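For the single chain, residues carry numbers from 1 onward in sequence order. Model, not experiment: these values are computed from the prediction.
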Amino acid sequence: MKDEERYVTMLEAHDIKATANRLIVLRTLDGAGRPMSLSELEYKILSIDKSGIFRTLSLFREQHLVHVIEDGGDGVRYELCHSRHDEIDDDLHVHFYCEQCHQTYCLEHIPVPGIELPEGFVMASVNYMVKGTCPHCAYKKHFA
């Protein structure tokens with residue numbers, strides 16, 4: 001299946017009509033391979049203004065096509081949700097925020113630890129962010 005067909009299928013699976021702008025935002029998020037901020041998306045997508053990108057991301061969030069994570073730094077980042085369900089997010093994983101380059105990385109092989117809440121508390125979501133230095137920045141610092 002070609003990428004464009006795959007993107008249309010992803011949108012339709014989340015009850016989102018495939019438009020040119022939505023396909024561009026989806027393609028950009030998928031191609032990044034990591035969570036992206038609104039400003040990063042705006043920089044990458046010159047054909048859509050900031051408000052258009054934001055509206056698309058808001059729709060994607062409402063339809064469970066993207067995760068919105070607090071990046072541990074300057075705001076939120078968006079990443080594609082690869083959940084197998086439309087209503088339940090079973091794609092939770094740990095994220096790592098590099099305090100040097102300000103990139104956020106997915107650590108998909110590390111599951112989010114289970115959390116037992118006191119009686120009466122109901123969890124809606126969890127954001128597990130580890131902060132530190134990524135391997136690239138650590139290497140640069142060591143050999144600089």
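- Sparse packing is recorded around OH of Tyr128, with 12 or fewer heavy atoms of other residues, nucleotides or ligands lying under 6.0 Å away.
- Shown here is Arg27, whose CZ atom has more than 12 heavy atoms of other residues, nucleotides or ligands within 6.0 Å.
- Counting only heavy atoms from C-beta outward, the side chains of Leu41 and Leu29 approach each other to under 4.5 Å.
- Looking at heavy atoms from C-beta onward, Thr28 lies out of side-chain contact with Ile53 at the 4.5 angstrom threshold.
- The side-chain heavy atoms of Leu26 and Leu80, taken from C-beta on, include a pair separated by under 4.5 Å.
- Between the CG atom in Leu23 and the OG1 atom in Thr56 there is a gap of 10.0 Å [rounded to 0.5 Å].
- In this structure, the separation between SG on Cys81 and CE on Met10 is 9.0 Å, given to the nearest 0.5 Å.
- In terms of heavy atoms, Cys137 sits closest to Thr133 at CB-CG2, 3.7 Å.
- In terms of heavy-atom proximity, Tyr78 sits nearest to Leu38 at CE1-N, 4.2 Å.
- No side-chain donor-acceptor contact under 3.5 Å links His136 and Gln103.
- Contact detail for Val66 and Leu57: the closest heavy-atom pair is CG2-O, 4.0 Å.
- A chain of hydrophobic side-chain contacts below 4.5 Å, direct or via other Ile, Leu, Val, Met, Phe, Trp or Tyr residues, connects Ile115 to Val130.
- Listed by first then second residue, pairs satisfying salt bridge (charged side-chain N to carboxylate O under 4.0 Å, His left out) with a partner in residues 37-46 read Arg34-Glu40, Glu40-Arg77, not counting sequence neighbours.
- Other residues, nucleotides and ligands place more than 12 heavy atoms under 6.0 Å from the OH atom of Tyr105.
- By the 4.5 Å heavy-atom criterion applied to side chains, Glu79 and His95 are counted as neighbours.
- In this structure, OG1 in Thr104 is found 5.5 Å from CD1 in Ile69, a value given to the nearest 0.5 Å.
- Residues passing the side chain to side chain donor-acceptor pair (under 3.5 Å) test with Asn21, sequence neighbours excluded: none.
- Arg6 has a carboxylate O that lies under 4.0 Å from a charged side-chain N of Asp3, or vice versa, which qualifies the two as a salt bridge.
- Residue Ile45 is not grouped with residue Tyr43 when hydrophobic side chains (ILVMFWY) are merged at heavy-atom distances under 4.5 angstrom, including chains of intermediate members.
- Note that the CD1 atom of Ile16 and the CZ atom of Arg22 stand 7.0 Å from one another [nearest 0.5 Å].
- Taking CZ of Phe96 as the start and CG of Leu107 as the end, the distance is 7.5 Å to the nearest 0.5 Å.
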